[in-house]
Amino acid sequence: MNGNNVLGIIFSNVHEEKLRELTEIRTMGSVPFGGRYRLIDFGLSNMVNSGINKVGVITKANYQSLMDHLGSGKAWDLSRKREGLFLLPPFSANSSQYSSSRVEALSSIRRFLQNSKEEYVALMDADFVCNIKFSDVMAAYLDKEADMTIVYRYGEVPSGLPAPLVCDVDPDGVIQDVLIDPKLQGACNYAIGLTILRRELLLELVDDCVSRNLYDFKRDFIQRNVRRLRVCGYPFTGYIRHLCSINEYFEASMSLMQPAVRAELFNAERPIYTKVRDDMPARYGLDCSVQNSIVADGCVIEGEVENCILFRGVHVGRGSQVHNCVIMQDTKIGPNCQLNYVITDKDVVLKNDRSLQGYQSYPIFISKGSIV
Amino acid sequence: MLPKQEVVAMLLAGGQGSRLGVLTKKLAKPAVPYGGKYRIIDFPLSNCVNSGIETVGVLTQYQPLILNEYVGSGQPWDLDRMNAGVTVLPPYQRSKKSDWYKGTANAIYQNIPYIERYNPDYVLVLSGDHIYKMDYSKMIAYHKKMEAACTIAAIEVPMEEASRFGILNTDQDSVIEEFDEKPKEPKSNQASMGIYVFTWSKLRQYLEEDEANPKSSNDFGHDVLPAMLSAGEKMVAYRFEGYWKDVGTIESLWESNMDLLNPKMQMDLAQEDWKIYSRNPVMPPHYIAKGARVQNSIVAEGGNVYGTVDFSVLFAGVYIAPGAVVRDSIIMPGTRIEENAVVQYAIVSENSVIGKGSVVGERPEDMKDKSAWGVAVVGDNCTLAPNSVIPPKAMVDSETLEEVETK
């Protein structure tokens, strides 16, 4: 794998409007997931595990929590003397406008792209979780002598995925046409948000878009060029979840209870890295009961927990019943609470005897730091 | 010339820990896993950084591979510093005379050049076989206040156990008058914790004298400290209150892990302002399946529990199969307990497999002959055949695996 010849670019802020509750105070990339991760951990780890050692993270707004999470990049082995992690916050010399599209963002980091030495660039969104063997994608890209490779998945478009890009792939794996949000029924080949192309070509296409005042990534950058260039598709068949609504977020969280999903997503050969917190392991009290749940370090459980994801440092008090919930970092649930279908953001406090009842189709969301 | 450091800590991590049997066969004692995610050395290292000591020499000799790899650059403890930080100090070859570390004092003696580079005022000598949280800066402040040449940390132990320890007999000002190494009739219950603060100029002088004495065993407790005392140096005891446990034996290692499950435990590992740092495993959170039962236990990341776990400590990546029962036991990283196996009062080391239906250890209350009871130990990388029986107090490792009986 010529991994060192690939520059990774992660768009940390795409589709934030779809997960408003969780992205009000953070970027998409720093949305917590799976008990101890942030969404960006999956993209970064996928890249690092296939030998990419230079990754630029494009941010737009509210990126404080993302910076806090990424730090020097040490946890992903991206704190390097040569290459490593680059945070690319909005930069606008001439206008006060923040980059609002991927093309604009790419043009604002033109100098970074120009000065990079890697021959290829992998562009990745941060709104999905999967464990993809990047090197295979890269090998297919080279093998097919493609100008651009779009990773797609065959299946029903996840509900809420904004402007899905549907690919018409011929038997040779060449994409003949792409449609944007064609409102199809049933299964189709939809792009997952991972594209590979040569760095020189990327610069050329971005310049071309900008010179024509065209800033839509899917329409102007991909669709406009699909017939002109050799664009190939790479079918990804593994586990993937796009977190484009609070319901999708909840369902994706619950899917982690399946051993096969965990085995694939947290593949020991391609582990998912994240920032460490040096918590002590989880403690289970006397008379507690935990069933079908995922529990992170630092939790203290004295009550009853079923079908839940407990992030780091969660406390469940004696006599509490917590069912079908996603409880984020450092939430404290007092004694004798009853929770069903609830998502709590970080640092929520539920005082004694509180009772909250959501529904599978409508989980209750409690925002960061709330005291109930 | 490196910038001066007021205090340099020297951590004696070369001991074999032979009383831990198969657990330290391929591992130096300070690298023995503890408490679900730690290794013993995390405690002195974390205490150092939490006390503001950033220069730590780790003296290694016995089976240093895992220990060296674990300490690494010192980054998990914030000890990868520009001008200081952690340095692993194995014995080395010199132009004239080379030697292994002959004793604890000789180990420090051989590393005088390391200490001198920092021109310290004080040297803190630590060992790598105790579990405790301690603010060394308070002890050093006490050492300065008392204008002592040497300060020894002391803890009150029950009088009936005092004969197992090195006992410090002091006057009412805590000035040490006498050492009693494992006295038959102890005069006090102030036990030495094996933590020493020395004024460096004094220690250097006595280390050189000790080295020149061919009869010396080059040990702190046996030689250097008594020599200082008889020469009339001011030596004081620093009283420590709190949790402190020597984990040098199978029983004490087991007990100390079980102490973590006691709600009245004095030492809080979750304490925000005195964290114990360690190398964290890169694993997802653990999963507790439907039908599993986990009570009064500590469970680390990466585990999958389908069976019953009671009063136990499970390290990272442990698998407990459906129908398996783990009680009053310590299961170290990556070990699998297969279907219907019963593990009680046992320590199972890393990456082992306890085959289906096996029985490891026994509850003392189920024993006819109580004197035959003890904690059963399975070493690392042992794959026990189905229906194996490891009796209480037994110790198995990958070399004695063939002798294991089955039901």
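The chains referred to below are lettered A, B, ... by the order of the sequence lines, with proteins before strands, and numbering in each begins at 1.
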Quick check on [X]: does its [atom1] atom have over 12 non-hydrogen neighbours (other residues, nucleotides or ligands) under 6.0 Å away?
{"X": "Gln64(A)", "atom1": "CD", "value": "no"}
{"X": "Glu365(B)", "atom1": "CD", "value": "yes"}
{"X": "Lys133(A)", "atom1": "NZ", "value": "no"}
{"X": "Lys245(B)", "atom1": "NZ", "value": "yes"}
{"X": "Arg81(B)", "atom1": "CZ", "value": "no"}
{"X": "Met265(B)", "atom1": "CE", "value": "yes"}

Heavy-atom pairs under 4.5 Å with chain B are the metric here; pick the option from [options] that has the most.
{"options": "Gly35(A), Cys299(A), Ala296(A)", "result": "Ala296(A)"}
{"options": "Ala268(A), Ala75(A), Gly285(A)", "result": "Gly285(A)"}
{"options": "Asp279(A), Leu310(A), Asn307(A)", "result": "Asp279(A)"}

With a 4.5 angstrom heavy-atom cut-off, could you sort out which part of [X] is near chain A: side chain, backbone, both or neither?
{"X": "Phe315(B)", "answer": "neither"}
{"X": "Asp42(B)", "answer": "neither"}
{"X": "Ala289(B)", "answer": "backbone"}
{"X": "Asp310(B)", "answer": "neither"}

Ignoring hydrogens, what is the shortest heavy-atom contact between [X] and [Y]? Give both atom names and the distance.
{"X": "Asn280(B)", "Y": "Val276(A)", "result": "CB-CG1, 3.7 Å"}
{"X": "Pro281(A)", "Y": "Ile298(B)", "result": "CB-CG2, 3.4 Å"}
{"X": "Val282(B)", "Y": "Ile272(A)", "result": "CG1-O, 3.5 Å"}
{"X": "Asp297(A)", "Y": "Lys37(B)", "result": "OD2-NZ, 3.8 Å"}

Does any N or O in the side chain of [X] come within less than 3.5 Å of the main-chain N or O of [Y], such that one atom is a donor and the other an acceptor?
{"X": "Arg312(A)", "Y": "Pro285(B)", "answer": "no"}
{"X": "Lys275(B)", "Y": "Arg277(A)", "answer": "yes"}
{"X": "Gln291(A)", "Y": "Gly291(B)", "answer": "yes"}

Please flag which part of Glu306(A) lies under 4.5 Å from any non-hydrogen atom of chain B: side chain, backbone, both or neither.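 Contact with chain B is through the side chain of Glu306(A) alone.
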Which region of Ile294(A), side chain (C-beta onward) or backbone (N, CA, C, O), has a non-hydrogen atom less than 4.5 Å from a non-hydrogen atom of chain B, or is it both or neither?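 Both parts, backbone and side chain.
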Does the side chain of Val295(A) reach to within under 4.5 Å of the side chain of Tyr287(B), using non-hydrogen atoms?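 Contact flag for Val295(A)/Tyr287(B) side chains = no.
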If we only count heavy atoms from C-beta on, is the Leu260(B) to Arg283(A) side-chain gap below 4.5 Å? no
[atom2] on [Y] to [atom1] on [X], rounded to 0.5 Å:
{"X": "Ser289(A)", "Y": "Ile288(B)", "atom1": "OG", "atom2": "CD1", "value": "10.5 Å"}
{"X": "Glu302(A)", "Y": "Asn296(B)", "atom1": "CD", "atom2": "CG", "value": "10.0 Å"}
{"X": "Asp278(A)", "Y": "Asp78(B)", "atom1": "CG", "atom2": "CG", "value": "9.5 Å"}

Going by ring pair (Phe, Tyr, Trp, His ring centres under 6.0 Å), name the pairs with one or both residues in residues 263-301 of chain A, residues two or more places apart or in two chains.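 Residue pairs with at least one partner in residues 263-301 of chain A: Tyr37(A)-Phe266(A), Tyr284(A)-His286(B).
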Quick check for you: among Gly36(B), Ser297(B), Ala300(B), which has the greatest number of heavy-atom pairs under 4.5 Å with chain A?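 Of the options given, most contacts go to Ser297(B).
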